[in-house]
Amino acid sequence: QVQPVESGGGMVQPGGSLRLSCTASERTFSIYAMGWFRQAPGKEREFVAVISRYGAIPRYTDSVQGRFTISRDNVKNTVFLQMNNLKPEDTAVYYCNAVDYYRANPLFNSWGQGTQVTVSS
């Protein structure tokens, strides 16, 4: 399984915005729903958002609903996470993976390097 490649993280102040990108293999991207997970220091990795194979009906964890938007470009095999009104509790390493759309579980045990998001004043 080819690991996905995440990018776009950085450090922002509370209320700021970032746009994350993740490029996966064409084979993975063409078959599966894709999603984002995050892992804060000392915590387990958690589900953030998922988008179905053709981009319909995204789902979000409650804490980011209304602030984050997931989208995908099936031509470029890339999934995006637009994050607005960021809060300190959003600080984490963000990862993407193929996702079981209904269970919100990652499908593969192989993870990319992730991209660090730090929200701090």
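Note that the structure is a prediction, hence the values are computed from the model and not measured. The figures that follow rest on heavy atoms only: side chains count, while hydrogens, waters and symmetry mates do not.
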Report summary line: Here the ring pair (Phe, Tyr, Trp, His ring centres under 6.0 Å) pairs for residues 78-98, sequence neighbours left out, are Tyr95-Trp111
Query raised in the report: With distance as the sole test, does Asn97 use its side chain to make a donor-acceptor pair with the main-chain N or O of Phe108 at under 3.5 Å?
Result: yes
Report summary line: Minimal heavy-atom distance between Gln3 and Gly112, with the atoms involved, is CB-CA, 4.3 Å
Query raised in the report: Just wondering, do Val64 and Arg38 contact through their side chains at under 4.5 Å, heavy atoms?
Result: yes
Query raised in the report: Ser121 side chain to Gln13 main-chain N or O, any donor-acceptor pair under 3.5 Å?
Result: no
Query raised in the report: Which pair of heavy atoms, one from Thr115 and one from Gly9, lies closest together, and at what distance?
Result: OG1-N, 2.9 Å
**Report entry** Separation of Ser63 OG from Glu89 CD (nearest 0.5 Å)
**Finding:** 8.0 Å
Query raised in the report: How far does CG of Asp100 sit from OH of Tyr32, to the nearest 0.5 angstrom?
Result: 11.0 Å
Query raised in the report: Should Val99 and Met34 be regarded as members of a common hydrophobic cluster, given that ILVMFWY residues are connected when their side-chain heavy atoms come within less than 4.5 Å of each other, either directly or indirectly?
Result: no
Requested in this report: Could you check if a side-chain atom of Leu86 sits within less than 4.5 angstrom of a side-chain atom of Phe68, using non-hydrogen atoms only?
Outcome: yes
Report task. Indicate the atoms forming the closest heavy-atom contact of Ala40 with Ala92, along with that distance. Result -> N-CB, 3.8 Å
Query raised in the report: Do the side chains of Tyr54 and Trp36 join up, straight or via other hydrophobic residues, at under 4.5 Å, putting them in one cluster?
Result: no
Query - Donor-acceptor under 3.5 Å (Tyr101 side chain, Arg59 main chain) - result: no
Report task. Apply side-chain hydrogen bond (donor to acceptor under 3.5 Å, both in side chains) to the pair Ser17 and Asn84, showing each step before the final yes or no. Result -> CA-CA 4 Å; Ser17 298; Asn84 297 330; 3.0 Å; yes
Report task. Measure across Ala33 and Ser52 and return the closest heavy-atom pair with its distance rounded to 0.1 Å. Result -> CB-CA, 3.9 Å
**Report entry** Glu6 backbone acceptor or donor facing Gln113 side chain under 3.5 Å
**Finding:** yes
Report task. State plainly whether one hydrophobic cluster holds both Leu81 and Ile51, where clusters connect Ile, Leu, Val, Met, Phe, Trp and Tyr through side-chain heavy atoms under 4.5 angstrom apart. Result -> yes
Query raised in the report: Just how far is it from atom CG of Leu18 to atom CD of Gln82, taken to the nearest 0.5 Å?
Result: 8.5 Å
Query raised in the report: Is Ile57 reachable from Phe47 through a run of I, L, V, M, F, W or Y residues, each pair having side-chain heavy atoms under 4.5 Å apart?
Result: yes
Query raised in the report: With a 4.5 Å heavy-atom cut-off, do Asp90 and Met83 have their side chains touching?
Result: no
Report summary line: Tightest non-hydrogen contact, residues Val93 and Gly114, listed as CG1-CA, 3.8 Å
Query raised in the report: Is there side-chain contact between Thr69 and Tyr60, with heavy atoms separated by less than 4.5 Å?
Result: yes
